[in-house]
Amino acid sequence: MNIIFLGPPGAGKGTIAQAITDDLGIIQISTGDLLRESVKEGTELGLEAKGYMDSGKLVPDELVIGLLKERISNEDCQKGFILDGFPRTIPQAEALENSDVKIDKVVNFKVPDELVIHRITGRRISKSTGKIYNIYPDCAPNPEEDHPEEDLLQRNDDNEEVVNKRLVQYREMTEPLIEFYNKKDILVDINADEALESIIENTKKVLK
Ligand code: AP5
């Protein structure tokens with residue numbers, strides 16, 4: 001099963017993907033994570049992508065499409081995957097269509113902007129496991145006791161100013177994909193303004 005997770009920054013795409021992949025027996029592919037890995041490794045692609053990412057802009061299509069195609073040709077993708085953060089533009093969606101990959105379902109996570117900003121500013125990533133946490137008590141999951149502060153990282157682009165720019169890019173470049181996949185009759189909406197456990201359950205139901 002090949003699935004796309006659509007939705008604005010902070011909708012919960014990464015958190016939900018991390019919570020359900022084991023059950024579904026498929027893997028999560030986050031183009032954001034792949035790009036951050038390239039930045040960390042200091043590759044040519046990483047150096048080019050960094051400026052776009054830090055300023056809240058989308059990385060140019062040709063760079064991301066190449067990165068994604070290379071990743072999905074790996075052996076571990078054979079049983080299926082959740083694409084978390086790809087496609088983000090119509091040309092990216094068309095490139096996916098023109099490849100051998102068949103998409104079974106597109107899950108569109110809907111959440112209001114004010115919640116996005118709150119969630120994103122409280123988000124922390126575990127350096128040791130890559131797991132997503134949140135330091136605000138009304139967000140979830142919170143870091144457990146075995147995750148001391150020094151293990152938690154805040155992304156460069158997780159501040160209010162950059163999130164606002166990411167939201168503008170989302171509206172302009174990514175939102176048209178809702179119509180694109182609606183026309184193909186494979187898109188399903190999920191209300192992402194609910195308790196995490198209930199969103200996880202609702203997502204599993206629509207993917208059964
Ligand atoms: P990327 O890493 O993909 O970021 P994003 O799409 O902006 O999405 P986020 O990771 O911010 O949000 P999410 O929906 O995964 O939320 P999460 O689950 O963490 O992209 C970063 C950058 O890379 C882009 O700006 C761009 O520059 C570049 N890029 C990546 N892909 C690209 C592409 N295809 N083309 C071009 N450029 C690309 O949740 C957020 C927080 O909220 C967490 O702390 C979580 O614990 C909490 N939370 C989530 N759900 C709930 C809930 N229901 N209740 C309470 N708390 C919750």
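Just follow the structure's listing: the first ligand is 1, and inside any ligand the first atom is 1. Note that these values count all heavy atoms, side chains included, but never hydrogens, waters or copies made by symmetry.
Near Ile199, meaning under 4.0 Å from one of its heavy atoms, ligand 1 places the atoms 53 (N). Using a 4.0 Å cut-off to heavy atoms of Gln92, the atoms of ligand 1 that qualify are 33 (C), 34 (N), 35 (N), 36 (C). Residue-ligand proximity, Lys57 to ligand 1, at heavy-atom distances under 4.0 Å covers atoms 26 (C), 27 (O). Numbered from 1 in the order shown, with element, the atoms of ligand 1 that lie under 4.0 Å from a heavy atom of Arg88 read 1 (P), 3 (O), 4 (O), 5 (P), 6 (O), 7 (O), 20 (O), 24 (C), 30 (C), 31 (N), 32 (C), 33 (C), 34 (N), 35 (N). For ligand 1 and Pro141, the ligand atoms under 4.0 Å from any heavy atom of the residue are 46 (O). Which parts of ligand 1 touch Arg36 is read off a 4.0 Å heavy-atom cut-off, strictly below it: atoms 2 (O), 21 (C). For ligand 1, the atoms lying closer than 4.0 Å to a non-hydrogen atom of Gly14 are 13 (P), 15 (O), 18 (O). When each atom of ligand 1 is checked for a heavy atom of Glu194 under 4.0 Å away, the hits are 52 (C), 53 (N), 54 (N).
Among protein heavy atoms, the minimum distance from atom 31 (N) of ligand 1 is reached at Thr31 OG1, 2.8 Å. Given atom 57 (C) of ligand 1, the protein heavy atom at minimum distance is Ala140 O, 3.3 Å. Nearest non-hydrogen protein atom to atom 12 (O) of ligand 1 is Gly10 N, 2.8 Å. Of the protein's heavy atoms, Arg119 NH2, 3.7 Å lies nearest to atom 54 (N) of ligand 1. Among all protein heavy atoms, the one lying closest to atom 19 (O) of ligand 1 is Arg123 NH1, 2.5 Å. Here the heavy atom of the protein found nearest to atom 29 (N) of ligand 1 is Leu35 CD1, 3.4 Å. For atom 16 (O) of ligand 1, the nearest non-hydrogen atom of the protein is Gly12 N, 3.3 Å.
In Val64, the part holding a heavy atom less than 4.0 Å from any atom of ligand 1 is the side chain. Contacts between Ile120 and ligand 1 below 4.0 angstrom, taking non-hydrogen atoms only, involve the side chain exclusively.
Side-chain contact, His147 with Tyr133: a donor N or O sits under 3.5 Å from an acceptor N or O. If you check the side chains of Asn108 and Asp189, you find a donor sitting under 3.5 Å from an acceptor.
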message: Test side-chain contact (heavy atoms from CB on, under 4.5 Å) on Ile65 and Gln92; report intermediate values, then the result.
response: CA-CA 6 Å; Ile65 290 168; Gln92 290 180 20; 4.0 Å; yes
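For Lys13 (side chain) and Pro8 (main-chain N/O), a donor-acceptor pair under 3.5 Å exists by modelled atom type. Formation of a donor-acceptor pair under 3.5 Å by the Gln18 side chain with backbone atoms of Gly130 is found in this model.
Under the 4.0 angstrom criterion for non-hydrogen atoms, Arg124 is not in contact with ligand 1. Residue contact check for ligand 1: Ser30 places no non-hydrogen atom closer than 4.0 Å to it. In this structure, Gln18 does not count as a contact residue of ligand 1, since none of its heavy atoms falls inside 4.0 Å of the ligand. At least one heavy atom of Arg155 sits under 4.0 Å from some atom of ligand 1. At least one heavy atom of Ala11 sits less than 4.0 Å from an atom of ligand 1.
Counting non-hydrogen atoms of other residues, nucleotides and ligands closer than 6.0 Å to CD of Glu149 gives a total of 12 or fewer.
A salt bridge does not link Lys205 to Glu201: none of the charged nitrogens lies less than 4.0 Å from a carboxylate oxygen.
Between the NZ atom in Lys79 and the CG atom in Leu24 there is a gap of 12.5 Å [rounded to 0.5 Å]. Note: Ser55 OG to Lys50 NZ = 10.0 Å, rounded to the nearest 0.5 Å.
Shown are Ile3, Ile82, Ile27, Ile29; of these, the side chain to side chain contact (heavy atoms under 4.5 Å, CB included) with Thr21 is made only by Ile82.
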